[in-house]
Protein chains: 2
Amino acid sequence: MEITQGIIKKLSEAGLKITPQRVAVMQTLCKLRMHPTAEELFAEVSKIIPGLSATTIYNTLDTFVEKGMIKRVKTDADVMRYDAITEHHHHLYCAVSDRMEDYFDNELDEMLSAYFERKQIKGFRISDIRLQLMGDFNERKQTQ
Amino acid sequence: MEITQGIIKKLSEAGLKITPQRVAVMQTLCKLRMHPTAEELFAEVSKIIPGLSATTIYNTLDTFVEKGMIKRVKTDADVMRYDAITEHHHHLYCAVSDRMEDYFDNELDEMLSAYFERKQIKGFRISDIRLQLMGDFNERKQTQ
DNA sequence: CGTTAATTTGTATTTATTACAAACAAGTTT
DNA sequence: AAACTTGTTTGTAATAAATACAAATTAACG
Ligand SMILES: [Mn+2]
Ligand SMILES: [Mn+2]
Ligand SMILES: [Zn+2]
Ligand SMILES: [Zn+2]
């Protein structure tokens, strides 16, 4: 399992013990590209680790966030979501379906850094520019 | 009270009954420029309306959002926040202090619409572009 | 005023998340 | 390999934020 090896490496680099729970959570989060909630992850990871505790999901996600291995993302809804992609990127988001997709755009990023290098904001030092592109996915047939 | 008149006008335009609770919530939300949470609003509005129910805050905010009179905003933390400003704008946000400030920038907006008019995203139609500028407010003396 | 429908309130409930301590297991030491 | 140590997981209980619901209240209208 190539993927598993990568995860194990990441875990030990972060100084964390390699547990089946952690491996499974990271694996699942990488697989689900939908920015799942803790509950969604709990359901999914439980398939791999029967008897898994919900608390472990929360613990694990918190730990991963602390170590910078994953990121939190928020939508307009009242649940925290998680993102396996830690590299800088933006999000496409449809408020109606609460669906969120990743958006990478280097040209955009360069344009924005150039812009804010020129136009400083008084009293604020920017460390990261996140775009949330609101709109709708041209969902096939809007039915369903 | 000029301000109160404006609020009353907005309420009736939205087809809502003018209640002291609604007026006080809107008034307070406009005054607090900090994107308060429902709980913060509850505390603040309670000063004006003693015996106010927390439920009323939630009801009122939901109604206002539905009518497009206010907006929800989210930070990395686990609470919903509300914004009296419905005009298009962006946010400066410091994750450490969980502080959020408004950011208006027409030049930026024009640059971005021009950019995305040219560079279409397959399968997604943009309706709004929201920037979250992460960073830190040059807080005087970082102490406290 | 009196009527009516919308709104508010209080209470109970749900959902998401966190706190905590005992049980357990990963990684290290011998 | 067995014992040790410490971090991790688990289950349960608690909290926080938000929602459901029905009775009490009140704004708006005639
Ligand atoms: Mn806003
Ligand atoms: Mn919550
Ligand atoms: Zn993402
Ligand atoms: Zn704002």
With a sphere of 6.0 Å drawn around CD of Glu117(B), does it hold more than 12 non-hydrogen atoms of other residues, nucleotides or ligands? no
Minimal heavy-atom distance between Cys30(A) and Arg33(A), with the atoms involved, is O-NE, 3.9 Å
Taking salt bridge (charged side-chain N to carboxylate O under 4.0 Å, His left out) as the test, write out the residues that go with Glu101(B), two or more places apart. Arg99(B)
Stepwise side-chain contact (heavy atoms from CB on, under 4.5 Å) check, Asp109(A) with His88(A): CA-CA 9 Å; Asp109(A) 292 334; His88(A) 172 80; 3.1 Å; yes
Can you spot which of Asp83(B), Leu61(B), Asp62(B), Ile85(B) makes a side chain to side chain contact (heavy atoms under 4.5 Å, CB included) with Ile70(B)? Leu61(B)
Looking at residues 9-25 of chain B, who's got a heavy atom less than 4.0 Å off DNA chain C? Leu16(B), Lys17(B), Thr19(B), Gln21(B), Arg22(B)
Option passing side chain to side chain donor-acceptor pair (under 3.5 Å) with His91(B) (candidates His35(B), Gln132(B), Arg130(B)): His35(B)
Interatomic distance, Phe42(A) CZ vs dT9(D) C1' [rounded to whole Å]: 12 Å
Checking Arg125(A) now: which residues fulfil salt bridge (charged side-chain N to carboxylate O under 4.0 Å, His left out) with it, not counting sequence neighbours? Asp136(B)
Interatomic distance, CD1@Ile48(A) vs OG1@Thr28(A), rounded to 0.5 Å, equals 4.0 Å
Could you check whether the rings of His90(A) and Tyr103(A) sit parallel, tilted or perpendicular, using 30° and 60° as the cut-offs? tilted
Can you give the first and last nucleotides of DNA chain C, 5' to 3', that have an atom under 4.0 Å from a heavy atom of chain B? dA5(C) to dT17(C)
Starting from the first five and the last five pairs of the helix from dC1(C)-dG30(D) to dT30(C)-dA1(D), work out the angle between the resulting helix axes, to 10 degrees. 30°
Quick one: SG on Cys94(A) to CE on Met134(A), what's the gap to the nearest 0.5 Å? 8.0 Å
Side chains of Asp105(B) and His89(B): is there a donor and an acceptor less than 3.5 Å apart? no
Determine whether Phe116(A) and Leu108(B) make a side-chain contact, defined as any pair of heavy atoms from C-beta on separated by less than 4.5 Å. yes
Per-nt protein contacts along nucleotides 16-24 of chain D (heavy atom under 4.0 Å; B base, S backbone sugar-phosphate only, - none) come out as -SBBB----
